[in-house]
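A quick write-up on the structure given underneath.
Since the structure is predicted, the reported quantities are computational estimates derived from the model, not experimental observations. A note on names: the letters A, B, ... follow the listed sequences, proteins ahead of strands, and every chain is numbered from 1.
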Amino acid sequence: MSLKADRASLAFSFKGGLLPMTVMELTSADPERIREQLAGKLSQSPAFFQHTPVVLSVERLDEPHLALERICAVCRAHKLLPVAVRGGSDPVKQSAWALGLGWFPPQEARARSLESVPVGDAEVAAPSSAASGAAEPAAVPAARIYRGTVRSGQQVSAPEGDLVVIGAVNAGAEVLAAGSVHVYGALRGRALAGIHGNAATGIYCRELHAELLSVAGNYKRLEDVDPRLLGAAVEVHLSDDQLAIAALD
Amino acid sequence: MAKIIVVTSGKGGVGKTTSAAAIATGLALRGKKTVVIDFDVGLRNLDLIMGCERRVVYDLVNVIQGEAGLAQALIRDKRVDNLHILPASQTRDKDALTPEGVEKVLETLSGDFDYILCDSPAGIERGAQLAMYFADEAIVVTNPEVSSVRDSDRILGLLAAKTRRAERGEDPVKEHLLITRYNPERVDYGDMLTLEDIREILAIDLIGLIPESEAVLRASNQGIPVVHDQKSDAGLAYADTVSRLLGEEVPLRFHEIQKKGLLSRMFGGGRR
Ligand SMILES: Nc1ncnc2c1ncn2[C@@H]1O[C@H](COP(=O)(O)OP(=O)(O)O)[C@@H](O)[C@H]1O
Ligand SMILES: [Mg+2]
């Protein structure tokens with residue numbers, strides 16, 4: 001039984017985590033142009049730039065070599081903290097590692113390679129972000145049905161298909177699915193649909209109070225949600241890479 | 001075979017020890033052979049609330065470590081027959097409790113008592129998990145505050161996963177919600193969560209509602225569990241709770257603002 005484990009002797013334990021992460025999708029590799037745009041953004045919404053971790057996505061760039069070090073420096077100068085790079089050629093990967101950054105395979109490849117591997121409860125992969133033209137919904141496995149309240153500290157996941165919760169998801173709880181998330185009750189915790197990048201998924205609930213909503217890596221926190229929708233039955237889906245929340249009735 | 005009931009909450013200072021003492025006393029007053037065990041090793045509060053702190057010689061840790069027999073450590077309550085207290089140690093550290101040791105103590109007590117109440121320490125770590133591990137039922141003590149409700153929710157998750165019943169795939173631990181320190185005026189004012197809010201979030205059966213009451217402070221200062229004070233609102237509310245635990249249907253009271261009438265003021269009834 002778990003109580004016997006001598007926790008005091010462990011220096012750490014690994015926990016699965018799925019954190020909201022901003023993806024900075026580069027459409028130019030020119031550090032100067034990036035600097036200009038960042039400077040403009042910084043004056044518009046300074047609150048965003050507080051050592052915010054970002055993943056630099058270079059998938060849209062077609063350059064085998066990047067001035068990655070300079071791009072990172074520009075980011076840091078504007079209080080963005082690059083933590084990883086997504087996509088790019090092998091030299092890009094090597095220089096990411098040399099800079100102490102992580103590297104993620106490009107979106108499409110990731111979606112496919114993960115979909116063939118069942119992912120356990122505690123080992124859900126790192127956040128992904130919306131891809132324009134993300135993976136097509138393939139033959140969908142049966143939904144996982146969970147009856148009862150998902151409570152603070154609990155995580156219920158459907159690593160392959162939809163997740164149906166017949167009950168409430170309380171604050172501090174997390175529900176996630178490769179497919180859509182349906183909550184027949186109040187959604188007060190975190191809900192993440194399309195965790196492998198499937199953008200054609202959604203979140204449906206009877207009563208919206210969610211701490212976090214995410215579809216294929218695009219997320220909204222409670223404070224970003226239109227207060228008029230709080231408490232309503234809603235549907236959440238992606239529309240033009242943006243989370244759209246609509247009342248169901 | 002005794003019924004093992006853990007009194008738990010996650011959050012500290014919500015009224016676990018007060019409730020464990022009052023409910024154990026109430027059960028004994030109703031003729032049930034009852035023992036209440038203090039699992040809060042290091043703090044040791046239960047004996048104070050029960051008014052037997054001067055009679056503590058041996059404690060739960062001594063028994064588990066084989067330094068004393070159960071009969072030596074059990075304290076018989078002065079006021080009520082059928083009621084015993086097994087105190088916690090103030091000096092030992094928390095790791096002195098082992099699952100095997102606790103299991104053996106509970107097994108032995110099981111033969112002699114109808115009810116075993118376990119007063120859990122705060123938190124969700126080892127001490128709290130050990131107090132709940134062997135439970136058949138759980139009384140989840142919750143105050144009308146967001147943080148307390150959140151912690152109770154967390155504890156309910158653990159009850160469903162980290163108990164012997166859960167691990168063996170037996171019938172789940174029966175969960176009861178006990179709301180304490182309820183103040184209808186402050187709830188009405190919007191300072192605190194309503195009874196309905198709490199019930200909706202936690203989604204378990206309500207076993208009782210104890211109002212915020214000066215009688216509780218008075219009782220713990222005197223070392224007389226508040227259920228003995230049958231003139232007080234809290235004392236009556238704990239008696240109601242005990243009745244429900246015994247399967248009786250008792251209407252809820254003290255959840256609405258009470259207008260003090262002339263009579264109740266003259267005879268000192270109602271909220272005091
Ligand atoms: N219904 C109540 N009304 C007023 N005070 C209360 C009530 N219940 C508990 N208290 C007070 O709250 C404090 C914490 O209670 P205690 O039972 O020791 O909590 P816990 O065991 O959960 O830490 C004590 O000072 C106690 O007197
Ligand atoms: Mg206590």
Exercise. Under a 4.5 Å heavy-atom cutoff, which of B:I155, B:I124, B:I201 has the most pairs with chain A?
Worked result: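 The answer is B:I201.
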Problem set entry | Top of B:A161, B:A160, B:G157 for chain A proximity - count of heavy-atom pairs under 4.5 angstrom |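 Going by pairs under 4.5 Å, I would pick B:G157.
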For this session: Using heavy atoms and a sub-4.5 Å threshold, report which of residues 106-121 of chain B line up against chain A, by residue number.
Result: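 The list, in residue order, is empty: none.
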Exercise. Do any of residues 146-154 of chain B come closer than 4.5 Å to chain A, heavy atom to heavy atom, and if so which ones, in number order?
Worked result: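 The stretch touches chain A at B:R150, B:D153, B:R154.
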For this session: Tell me, please, which residues at least two apart from A:R147 pass salt bridge (charged side-chain N to carboxylate O under 4.0 Å, His left out).
Result: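 So A:R147 forms no salt bridge (charged side-chain N to carboxylate O under 4.0 Å, His left out) with any residue.
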Problem set entry | Partner set under salt bridge (charged side-chain N to carboxylate O under 4.0 Å, His left out) for B:E137, not counting sequence neighbours |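 Salt bridge (charged side-chain N to carboxylate O under 4.0 Å, His left out) check on B:E137 returns B:K3.
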Exercise. Do you know which two heavy atoms are closest between A:R151 and B:L202, and how far apart they sit?
Worked result: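 In this case the closest contact between A:R151 and B:L202 is NH2-O, 2.9 Å.
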For this session: Name the region of B:L158, side chain, backbone, both or neither, that has any atom closer than 4.5 Å to a heavy atom of chain A.
Result: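 The answer is neither part of B:L158.
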Exercise. Does B:Y58 OH have over 12 foreign heavy atoms under 6.0 Å away?
Worked result: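 Incorrect, the count does not exceed 12.
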Problem set entry | Options A:A168, A:A171, A:A186, ranked by heavy-atom pairs under 4.5 Å with chain B, top entry |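 Result: the option with the highest number of such pairs is A:A171.
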